[in-house]
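See below for the structure under consideration.
This structure is a prediction, so every number in the text was calculated from the model and none was measured.
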Amino acid sequence: MKKTKLTKLIISLSLCLVMCVSVFAGCTLVTTDMSRYYSQVVASLEYESGEKIEITKRDLSVAVANYSETYQSYGLEGEEAVRQILESVINEKLVIRASENMAKEQNNGEILTTKEKTYLWELTFETIEDNIISYYNQINGIEEEDSSSTESEDDTVVTQNGYDDLISLQMDGQGGYTLTLNSTASTAVEDHTFWNGEDRDLTTQNDLDVLYRNVVNYVTQNPVYAQGYSRYLSEAKRSEEGMGFSTDNESVFKREIQRVYEVLYNAFMIDKYQEMNQANNASVTINNILELYESRVISDYDKYVTEQASTYEEDVLEDVSSIYYFKPTGTQFFYVSHILAEFSDTDQATYDECQRVLDGKSTKYTVGEAEAIIKDLYANLSFVVREPAKDENGNIIRNEDGSVTWTETGETKPVSAVMSEIELKLSTAGDDELLKAQYFDEFIYKYNADPGIMNAERNYVIGVDYSTPDTENETSYTAHSSMVESFTNAAIELYANGSAKIGDLYAQPIRSDYGIHIMIYEGKVENLFSNIDSNFSLSTADIQVLNDARLKAGESKTLLDELYEELDTDRYTIFETMNLQFLRDEVKLTYYPDAYKDLY
């Protein structure tokens with residue numbers, strides 16, 4: 001059964017909620033009348049219409065149990081932490097109500113569409129199912145994968161991130177340009193694979209009964225999880241101790257189903273509110289992008305030319321993506337990419353020891369023996385082979401976020417064979433330099449062992465100053481690089497004083513302290529415009545230059561995309577802050593601190 005992003009994010013939360021309430025239920029600090037204890041109002045929100053929303057001790061207790069560690073990491077503890085958590089609960093209530101009102105306007109008075117109701121019904125069952133499995137795993141000491149983590153601990157698997165262009169730049173027919181948002185983003189409901197064509201609504205008694213029967217049938221058909229279900233049920237009962245509820249199994253678990261539904265519904269409405277507001281939020285304009293780019297170019301020009309900052313070379317090497325003006329004289333910077341066949345841990349240790357011998361720092365081997373061992377280590381190196389996940393028709397499978405998962409096949413391939421494979425593939429691109437770079441990127445995920453180049457926003461940067469010889473290293477130039485010497489020198493040779501073309505391969509594999517590299521040239525690091533000074537300015541037509549400036553030669557994302565995303569994120573963050581204050585201004589907030597002082 002396919003799990004959506006919202007499912008994965010909410011499973012651990014919904015499981016934790018019933019467990020943390022159980023803890024409070026068994027706590028000697030609270031009264032035995034749990035119903036009265038949990039129903040205490042800790043804050044209220046009153047609208048001019050007379051509508052009133054009350055936040056109970058139960059709402060706050062659950063939030064404190066779940067989020068206190070997060071607030072403690074920011075240095076907040078005790079009363080201050082509880083008060084901040086209460087403010088978060090208030091904000092959540094305000095957003096959910098606002099989302100419901102906006103949804104009603106769009107859906108003829110209905111908060112949820114029929115499809116959304118069915119989605120939440122199915123999602124509730126999937127979450128209950130996963131909670132049962134989680135209890136089973138807890139009982140049997142089985143560790144679960146952290147679905148909130150985007151990093152795989154399996155080093156035989158790598159993920160190639162996907163990218164969908166958010167915007168398109170188009171001519172408007174009058175010699176100008178317009179930005180168009182691409183409707184590539186899909187909602188959780190659109191991504192969800194529905195079971196069948198039957199509509200469901202968990203707020204109705206019939207569909208609640210159906211979901212409960214489905215849970216019972218699931219446990220019956222999968223008896224191995226019966227103990228997980230029993231633990232789940234007992235925890236649900238424990239969380240209701242002293243509340244005066246009916247205690248038969250069916251009634252208890254139906255209330256648990258409704259509780260899980262409420263958690264999912266609230267998360268869904270918050271996501272929906274963000275989606276609706278992002279769609280309505282004022283869009284980023286071409287002028288906004290040009291102004292941002294102009295300001296950054298001028299700022300860097302003033303820093304490195306007017307003020308003559310001495311950190312230019314190291315700043316470019318440290319983070320080329322943060323530099324918007326590059327000196328046209330002196331050190332020339334350029335991009336390279338590569339794939340690495342790396343030594344195993346054992347071979348790396350042997351190589352390092354041999355180097356110590358050659359440097360006169362070890363006597364474990366003779367110099368001749370060390371040289372022979374290193375020669376054999378290089379000769380025996382090969383690339384580990386990975387393949388992307390594919391469907392039955394041989395098509396590459398993309399994950400929900402557009403990424404592709406590559407898994408090791410268990411095979412290896414000689415360096416010479418991989419070199420020949422790359423040369424052949426790139427030759428099919430003819431004179432298309434960007435296509436060559438794109439083809440090479442595929443080999444990064446198929447063979448490469450260097451995580452630093454995978455999914456990087458920029459390729460590696462190398463600098464060379466031909467006007468200043470390096471007497472220490474006996475070269476006619478001075479290199480600026482954070483890479484090992486053999487890699488740097490090969491890159492500079494490949495650059496050939498600026499005559500290289502994107503897609504050019506270094507003639508042979510390069511040996512380094514880490515293994516063997518196959519290197520490709522990916523373009524100069526240079527200004528997009530000439531005659532830059534402190535009065536630098538652009539015209540609307542210059543937006544096309546930003547749109548053509550790829551961040552990496554082999555990928556479609558451009559400088560225009562990067563600037564747009566930054567502005568869009570900043571604007572929406574500002575909008576969210578202002579909008580939340582507007583929602584708070586609409587209500588009269590009343591706090592009852594005596595009702596929650598025992599929580600800190």
Would you say [X] and [Y] make side-chain contact, with heavy atoms under 4.5 Å?
X      : Y      : answer
Ile492 : Phe334 : yes
Val305 : Tyr325 : yes
Gln348 : Asp352 : yes
Leu179 : Thr285 : no
Glu342 : Asp450 : no
Phe333 : Leu317 : yes
Leu290 : Leu546 : yes
Phe194 : Val189 : yes

(message) Does Glu526, at its CD atom, have more than 12 non-hydrogen atoms belonging to other residues, nucleotides or ligands within less than 6.0 Å?
(response)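 Atom CD in Glu526 is packed in, count exceeds 12.
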(message) I'd like to know whether OH of Tyr177 has more than 12 heavy-atom contacts from other residues, nucleotides or ligands below 6.0 angstrom.
(response)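 Check passes, neighbour count above 12.
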Is the backbone N or O of [Y] less than 3.5 Å from a side-chain atom of [X], with the two atoms forming a donor-acceptor pair by type?
X      : Y      : answer
Asp300 : Tyr324 : yes
Asn380 : Asp376 : yes
Ser299 : Ser295 : no
Asp504 : Lys501 : yes
Thr468 : Asp465 : no
Asn527 : Phe529 : no
Asn455 : Asn161 : yes
Tyr365 : Val357 : no
Lys552 : Ala456 : yes

(message) Is there a salt bridge (charged side-chain N to carboxylate O under 4.0 Å, His left out) between Arg296 and Glu566? Walk through the geometry before answering.
(response) CA-CA 13 Å; Arg296 290 186 173 172; Glu566 181 180 345; 2.3 Å; yes
Identify each donor-acceptor pair in which a side-chain atom of residues 384-393 lies under 3.5 Å from a protein atom, sequence neighbours left out, and give them as a table.
unit_1, atom_1, unit_2, atom_2, d
Arg386, NH1, Tyr445, O, 2.9
Arg386, NH1, Asn448, O, 3.1
Arg386, NH2, Asn448, O, 2.6
Asp391, OD1, Asn393, N, 2.9
Asp391, OD1, Gly394, N, 3.0
Asp391, OD1, Asn395, N, 2.8

(message) Could you check whether Glu433 pairs with Arg550 (Lys NZ or Arg NE/NH1/NH2 to Asp/Glu carboxylate O, under 4.0 Å)?
(response)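 Salt bridge: no.
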Any chance the side chains of [X] and [Y] put a donor and an acceptor closer than 3.5 Å?
X      : Y      : answer
Asp347 : Thr350 : no
Ser499 : Asn497 : no
Asp513 : Tyr351 : yes
Tyr301 : Asn535 : no
Asn287 : Glu291 : no
Asp542 : Tyr293 : no
Asn137 : Ser134 : no
Asn473 : Thr475 : no
Glu493 : Tyr506 : yes

(message) Using the rule side-chain contact (heavy atoms from CB on, under 4.5 Å), only one of Thr569, Leu567, Ile167 pairs with Val284; which is it?
(response) Leu567
What is the distance from atom [atom1] of [X] to atom [atom2] of [Y], rounded to the nearest 0.5 Å?
X      : Y      : atom1 : atom2 : value
Phe326 : Gln332 : CZ    : CD    : 13.5 Å
Ile543 : Ile286 : CD1   : CD1   : 5.5 Å
Gln355 : Lys361 : CD    : NZ    : 10.5 Å
Ile510 : Met519 : CD1   : CE    : 3.5 Å
Ile289 : Glu562 : CD1   : CD    : 11.5 Å
Arg356 : Thr363 : CZ    : OG1   : 9.5 Å

If you take all heavy atoms of [X] and [Y], which pair is closest and at what distance?
X      : Y      : result
Ser382 : Ala341 : O-CB, 3.8 Å
Lys436 : Gly430 : CE-O, 2.9 Å
Pro509 : Ile516 : CB-CG2, 3.4 Å
Ala553 : Asn459 : N-ND2, 4.4 Å
Thr180 : Gln170 : OG1-OE1, 3.2 Å
His338 : Ile444 : O-CG1, 4.0 Å

(message) If you apply the rule side-chain contact (heavy atoms from CB on, under 4.5 Å), what do you find for Asp561 with Leu166, and how did you get there?
(response) CA-CA 7 Å; Asp561 295 320; Leu166 296 178; 5.9 Å; no
(message) Does the plane of the ring in Tyr460 sit parallel, tilted or perpendicular to the ring in Phe487? Use 30° and 60° as the thresholds.
(response)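 Ring orientation, 0 to 90° scale: perpendicular.
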(request) Could you give me the CA-CA distance, side-chain angles and deciding distance for His480 and Tyr312, then say whether side-chain contact (heavy atoms from CB on, under 4.5 Å) is met? (result) CA-CA 11 Å; His480 296 274; Tyr312 173 68; over 6 Å; no
(message) Using ring centroids (six-membered ring only for Trp), state whether Tyr495 and Tyr335 fall under 6.0 Å.
(response)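 Between Tyr335 and Tyr495, the centre distance exceeds or equals 6.0 Å.
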(message) For Tyr119 together with Phe268, are the ring centres under 6.0 Å from each other?
(response)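 When the ring centroids of Phe268 and Tyr119 are compared, they turn out to be within the sub-6.0 Å range.
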(message) Please list all pairs meeting side chain to side chain donor-acceptor pair (under 3.5 Å) that have one or both residues in residues 420-429, counting only residues at least two apart or in different chains.
(response) Lys413-Glu421, Glu421-Lys446, Glu421-Tyr447
(message) Going by the rule salt bridge (charged side-chain N to carboxylate O under 4.0 Å, His left out), which residues pair with Lys557 if we only count those two or more places apart in sequence or in a different chain?
(response) Glu457, Glu565
(message) Applying side-chain contact (heavy atoms from CB on, under 4.5 Å) to Glu353 and Ser362, what does each step give before you reach the verdict?
(response) CA-CA 7 Å; Glu353 186 62 32; Ser362 172; 2.5 Å; yes
(request) Given side-chain contact (heavy atoms from CB on, under 4.5 Å), test His517 with Met483 step by step and report yes or no. (result) CA-CA 12 Å; His517 312 255; Met483 311 300 287; over 6 Å; no
